[in-house]
Amino acid sequence: MRRLGPNAYGEQLQPGRVADCYLGILLEQPLAEIAPEPGSVLVVAPAALLHGEIPQPHGQVLYALLTGHPDRAPRDVVFLADLTVELRAWPKQTWTAVGISPEAALLAVVDGWRGGHVKGLELGGVSAEEARALARPAMAYLREQLRARLAREISRQYLRWLHPTSRRRPGDTFL
């Protein structure tokens, strides 16, 4: 992608290279002291970032980093904190330096999902500590635990979707 160019290792993004990964967006952040109920995460396909309601180039840059990062693998669950860490390998190491607002794009994705224009999967059970890890790049270990749990739940939901009784139509996509 021209906006970022090569990273410090000489690697280029290849947008769309891994289109079957997932983006996790914190929907409801639990407050441990006030509301001990767990929060939830919205999981969407990368294509949601290219939807017409998502402000561009914000969505395009997130899409390029999400699907084109050299280390990305199929079925990865990726959070904004992960993309923030990965962005540090490029010469313009912050979202501000790149000239985009990832929060604006993610809010638009959530609004599109709530309006029924974007497919997504809401997964609950996010603790206050896990929610904090989604906002802090340095909390990678806890984010990795949440990622593994969400990946298992996404797999379960995917298998349920594949079942003949799921009422899916030919040509439907999971997310």
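Predicted, not measured: the structure shown is a model, and the values here were computed from it. Basis for what follows: all heavy atoms, side chains included, without hydrogens, waters or symmetry-related copies.
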Peer 1: Answer yes or no: is there a side-chain heavy-atom contact under 4.5 Å between Glu53 and Val109?
Peer 2: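 They are not in side-chain contact.
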Peer 1: Report the distance from atom CD of Gln93 to atom OG1 of Thr84, rounding to the nearest 0.5 Å.
Peer 2: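 The OG1 atom of Thr84 is 12.5 Å from CD of Gln93, to the nearest 0.5 Å.
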Peer 1: Any chance you could measure Leu134, atom CG, to Leu26, atom CG, to the nearest 0.5 Å?
Peer 2: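 It comes to 5.5 Å.
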Peer 1: With side chains defined as the heavy atoms from C-beta onward, is the minimum distance between Leu23 and Leu106 less than 4.5 Å?
Peer 2: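 In contact.
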Peer 1: With a cut-off of 6.0 Å (strictly less than), are more than 12 heavy atoms of other residues, nucleotides or ligands near CZ of Arg156?
Peer 2: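 Result for CZ/Arg156: enclosed.
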Peer 1: So, for Gly5 and Gln12, which heavy atoms are closest and what is the spacing to 0.1 Å?
Peer 2: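 Closest pair (atom of Gly5, atom of Gln12, distance): C-OE1, 3.6 Å.
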Peer 1: Is Lys119 reaching over with its side chain to a backbone N or O of Val44, donor-acceptor style, under 3.5 angstrom?
Peer 2: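 The answer is no, because no donor-acceptor pair under 3.5 Å joins these two groups.
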Peer 1: I would like to know whether Arg143 and Arg136 meet side-chain contact (heavy atoms from CB on, under 4.5 Å); could you show each step before the answer?
Peer 2: CA-CA 9 Å; Arg143 214 170 33 256; Arg136 296 182 181 161; 5.6 Å; no
Peer 1: Flag the pair Gln14 / Pro70 as yes when at least one side-chain heavy-atom distance between them is below 4.5 Å, and no otherwise.
Peer 2: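 Of all side-chain heavy-atom pairs linking Pro70 with Gln14, none is under 4.5 Å.
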Peer 1: Is any side-chain heavy atom of Val41 closer than 4.5 Å to one of Glu122?
Peer 2: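 No, too far: nothing below the 4.5 Å cut-off.
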Peer 1: What is the minimum heavy-atom distance between Val126 and Arg149, and which atoms define it?
Peer 2: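 That closest heavy-atom pairing would be CA-NH2, 4.3 Å.
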Peer 1: Where do Tyr158 and Leu121 land on the side-chain contact (heavy atoms from CB on, under 4.5 Å) test, with the steps shown first?
Peer 2: CA-CA 10 Å; Tyr158 179 70; Leu121 182 61; over 6 Å; no
Peer 1: Nearest heavy-atom pair of Gly24 and Phe79: which atoms, and what distance?
Peer 2: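 So the minimum-distance heavy-atom pair works out to O-CD2, 3.5 Å.
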Peer 1: Would you kindly confirm whether Leu49 and Leu27 end up in one hydrophobic cluster when ILVMFWY residues are joined by side chain heavy atoms under 4.5 Å apart?
Peer 2: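 Yes, Leu49 connects to Leu27 through the hydrophobic network.
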Peer 1: For a 4.5 angstrom cut-off between non-hydrogen side-chain atoms, does Tyr63 reach Pro15?
Peer 2: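 Tyr63 vs Pro15: side chains touch.
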Peer 1: What's the separation between atom CG in Leu66 and atom SG in Cys21, rounded to the nearest 0.5 Å?
Peer 2: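 Here the interatomic distance stands at 4.0 Å.
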Peer 1: Are Leu162 and Val43 linked, directly or through other ILVMFWY residues, by side chains that come within less than 4.5 angstrom of each other?
Peer 2: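 Yes: a chain of side-chain contacts under 4.5 Å links Leu162 to Val43.
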Peer 1: Taking all atoms of both residues into account, what is the closest heavy-atom pair of Ala104 and Pro55, and its distance?
Peer 2: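 Minimum heavy-atom contact is O-CG, 4.0 Å.
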Peer 1: Compare all side-chain heavy atoms of Val110 with those of Ile25 and state whether any distance is below 4.5 angstrom.
Peer 2: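 Yes. Closest side-chain heavy atoms under 4.5 Å.
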Peer 1: Measure the spacing between OG of Ser166 and CG of Asp172 and express it to the nearest 0.5 Å.
Peer 2: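 Interatomic distance, Ser166 OG to Asp172 CG, rounded to 0.5 Å: 8.5 Å.
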Peer 1: I'd like to know if Tyr141 and Val85 are part of one continuous hydrophobic network [Ile/Leu/Val/Met/Phe/Trp/Tyr, side-chain heavy atoms within less than 4.5 Å].
Peer 2: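 Different clusters: Val85 never reaches Tyr141 through Ile, Leu, Val, Met, Phe, Trp or Tyr contacts under 4.5 Å.
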Peer 1: Which heavy atom of Gly59 sits nearest a heavy atom of Leu50, and at what distance?
Peer 2: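 Closest approach of Gly59 to Leu50: O-CD2, 4.5 Å.
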Peer 1: Could you check whether any side-chain N or O of Arg88 sits under 3.5 Å from a backbone N or O of Thr94, counting only pairs where one atom can act as donor and the other as acceptor?
Peer 2: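 Not at all, since once roles are kept as given, no pair shorter than 3.5 Å links the two residues.
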Peer 1: Given the rule that I, L, V, M, F, W and Y join up when any side-chain heavy atoms are under 4.5 Å apart, are Val18 and Tyr9 in one cluster?
Peer 2: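 No, no single cluster joins them.
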Peer 1: I want to check something: taking the side chain as every heavy atom from C-beta on, are Thr67 and Arg72 in contact at a cut-off of under 4.5 Å?
Peer 2: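 Result no, sub-4.5 Å side-chain heavy-atom pair not found.
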Peer 1: Using the rule given for side-chain contact (heavy atoms from CB on, under 4.5 Å), can you reason through Glu130 versus Gln145, listing the C-alpha separation, both sets of side-chain angles and the distance that settles it, and then say yes or no?
Peer 2: CA-CA 9 Å; Glu130 289 170 331; Gln145 290 178 332; 5.6 Å; no
Peer 1: Check the orientation of Phe174 and Tyr22. Use parallel for under 30°, tilted for 30 to 60°, and perpendicular for over 60°.
Peer 2: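 It falls in the perpendicular class, over 60°.
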Peer 1: Please test Arg147 against Asp76 for salt bridge (charged side-chain N to carboxylate O under 4.0 Å, His left out), starting from the C-alpha separation and ending with a verdict.
Peer 2: CA-CA 8 Å; Arg147 182 185 340 275; Asp76 275 357; over 6 Å; no
Peer 1: Which heavy atom of Gln56 sits nearest a heavy atom of His51, and at what distance?
Peer 2: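 Distance-wise, the nearest heavy atoms are NE2-O, 4.0 Å.
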Peer 1: Which residues pass the ring-ring contact (aromatic ring centres under 6.0 Å, His included) test with Trp90, sequence neighbours left out?
Peer 2: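 Applying ring-ring contact (aromatic ring centres under 6.0 Å, His included) to Trp90 gives His69.
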Peer 1: Has the side chain of His58 got a donor or acceptor atom that lies under 3.5 Å from a matching backbone atom of Ser101?
Peer 2: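 Flag set: sc His58 to bb Ser101 pair under 3.5 Å.
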Peer 1: If you apply the rule side-chain contact (heavy atoms from CB on, under 4.5 Å), what do you find for Asp20 with Arg75, and how did you get there?
Peer 2: CA-CA 6 Å; Asp20 61 341; Arg75 305 280 186 244; 3.9 Å; yes
Peer 1: Please round to the nearest 0.5 Å and tell me the distance separating atom CG of Asp82 and atom CD of Glu144.
Peer 2: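 Answer rounded to 0.5 Å: 8.0 Å.
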Peer 1: Working to the nearest 0.5 angstrom, can you tell me the gap between Leu62 CG and Ile54 CD1?
Peer 2: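 It is 10.0 Å, given to the nearest 0.5 Å.
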Peer 1: Please determine whether residues Leu142 and Leu83 belong to a single hydrophobic cluster, defined as Ile, Leu, Val, Met, Phe, Trp and Tyr linked transitively by side-chain heavy-atom distances below 4.5 Å.
Peer 2: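 Unlinked, Leu142 and Leu83 end up in two clusters.
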